[in-house]
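Bear in mind the structure is a predicted one, so any value in this text is a computation, not a measurement. Values below: all heavy atoms of this structure, side chains included; hydrogens, waters and symmetry mates excluded.
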Amino acid sequence: MSRSQSCPAGAPVDRRAFLAGAAALAVLPVRVLAAPAAPTAAPVPAVRSLSPAFDRIVAPGSMPTVIATDIRWAEGPVWVPQGGYLLFSDPPANIVRRWRPGGRAETSLDPSGAAGTDPAAVREPGANGLALDRTGALLIANSGGRSIDRVDLKTGRRTVAVATYRGKKFNSPNDLAVARDGAIWFTDPPYGLTQGDSSPLKELPHNGVYRAGPDGRVTLAVADLTFPNGIALSPDERRLYVSVSDPAAPRIMVYDLDPAGGVVRGRVLLDAKPMMAPDAPGLPDGMKVARDGTLFCSVPGGLMVMTPEAKPLGLIASGDGPIANCCFGEAGRVLYMTANHRVLRLPLARAMG
């Protein structure tokens, strides 16, 4: 999700303040760990176990560490195994940064999205969600450019992979997931437009979920969501998950898919409304699905780890506002989380990605 978005009525709302008022998980913890207070007033992450199954994912005593700071809004993490590094985006700063273990975050793409945009019209010009395609190229949900782009990480050559739907420009592509056949699934909310749904730049009547097939044909998969955000596929690719960052009806949707990738039916997997509370920032946002089907989803209060049936297993809180997104890295043994101004790294007890 972008750093700011519009409320359902269309009036622009600053995302930092908007998310800060969103929600906590109303369940009693089995295990709660918090890092020792530092000499400074640095925000302290926390890990909460809600099931013994969580201890087989995150070992008791494991805590997130901060690997990058001073980010305007951290988003879209993706691990690049060919180079052994993490990429993550900063949509309002229009930058993608690269981090290598043992090093410091450095600029990788600048601009990451569209250059020279008018801030009165485009709120977030940069890249948001990131993913790798089957060839190892970087796919970018280009919020400011209103397209899906592809970057060859060896040569730096950049092309537009998905430009329009039926001749109309997208709103501001936000997040994406890649199927085994090469199809690109992506969400297209209005977050990147300064006036949101009321923006005169908005050419499409809906905030859609799309599928760009291997043949290049773009289909509108879901058209009835107010604020579609994070997106992921189940390991067997028979289910599509989409988070909805609507403060009036925050939820995670699940859709059954047919063999051709068509949406058969959808239903609410997780109603996040009961989780909302003043001390639990965030809304359903980015997500990833582990190889065994376990879901890692941004929710009010942090990042929830849950079963495919939405049974809560654990909750990770950043201590510094919402967790926007996550990814698996280092052979699937590490969870990376983009959390407000920071990026967190959490070792896992077993390979998940």
Side-chain angles (χ1 to χ4, degrees), residues 1 22-35 44-65 77-79 175 177 229-235 239 241-243 245 250-254 268-272 274-277 280-340 343-353:
M1 179 177 169
L25 186 61
V27 288
L28 293 175
V30 175
R31 167 171 63 92
V32 177
L33 296 173
V44 179
V47 177
R48 176 183 298 172
S49 176
L50 306 171
S51 166
F54 184 72
D55 300 338
R56 297 190 290 271
I57 298 172
V58 178
S62 296
M63 289 297 301
T65 57
V78 64
W79 180 259
D175 206 357
N229 197 321
I231 188 168
L233 291 162
S234 63
R239 283 182 166 188
Y241 301 99
V242 180
S243 62
S245 300
R251 61 200 186 276
I252 295 175
M253 300 292 297
V254 60
V268 176
L269 177 71
L270 176 72
D271 178 7
M275 303 176 186
M276 297 181 70
L283 289 166
D285 201 328
M287 68 177 81
K288 294 296 182 293
V289 181
R291 61 176 64 171
D292 66 356
T294 302
L295 300 173
F296 291 68
C297 303
S298 298
V299 298
L303 187 80
M304 180 192 285
V305 181
M306 64 186 189
T307 69
E309 296 73 38
K311 176 185 177 182
L313 302 178
L315 184 71
I316 303 164
S318 75
D320 182 33
I323 295 178
N325 213 330
C326 66
C327 75
F328 305 110
E330 303 183 47
R333 296 299 298 265
V334 171
L335 178 69
Y336 288 99
M337 296 165 281
T338 47
N340 203 356
V343 179
L344 308 179
R345 178 185 184 274
L346 176 64
L348 300 173
R350 56 189 173 92
M352 299 297 293

Side chain proximity check, I316 to F296, heavy atoms < 4.5 angstrom:
no
Please check: side-chain N/O of S245 versus main-chain N/O of P284, any donor-acceptor pairing under 3.5 Å?
yes
Please report the C-alpha distance between S318 and D320 in whole Å, then the side-chain angles of each, then the deciding distance to 0.1 Å, and finally whether the side chain to side chain donor-acceptor pair (under 3.5 Å) criterion is met.
CA-CA 5 Å; S318 75; D320 182 33; 5.8 Å; no
Whether R333 side chain and A349 backbone form a donor-acceptor pair below 3.5 Å
yes
In C327, C297, S298, the residue satisfying side-chain contact (heavy atoms from CB on, under 4.5 Å) with K288 is C327
Pair L295-M287, side chain to side chain contact (heavy atoms under 4.5 Å, CB included): steps then yes or no
CA-CA 7 Å; L295 300 173; M287 68 177 81; 5.5 Å; no
Check for a donor-acceptor pair, side chain of R291 on one end and backbone N or O of G353 on the other, with a separation under 3.5 Å.
yes
Take F54 and R48, measure what side chain to side chain contact (heavy atoms under 4.5 Å, CB included) needs, and give me the verdict at the end.
CA-CA 9 Å; F54 184 72; R48 176 183 298 172; over 6 Å; no
Using the rule side-chain contact (heavy atoms from CB on, under 4.5 Å), only one of V289, I231, L233 pairs with Y241; which is it?
V289
Ignoring hydrogens and geometry, is there a side-chain-to-backbone donor-acceptor pair from R239 to P308 under 3.5 Å?
yes
Does the side chain of R350 come within less than 4.5 Å of I57's, by heavy atoms?
yes
Quick one: does V305's side chain get under 4.5 Å of M352's, heavy atoms only?
no
May I ask you to test the M276-L283 pair for a side-chain heavy-atom distance under 4.5 Å?
yes
From CA spacing to verdict: side chain to side chain contact (heavy atoms under 4.5 Å, CB included), M304, I252:
CA-CA 12 Å; M304 180 192 285; I252 295 175; over 6 Å; no
Any non-hydrogen side-chain atom of D285 less than 4.5 Å from a side-chain atom of D175?
no
Can you name the one residue among V343, I323, L344 that meets side-chain contact (heavy atoms from CB on, under 4.5 Å) with T338?
V343
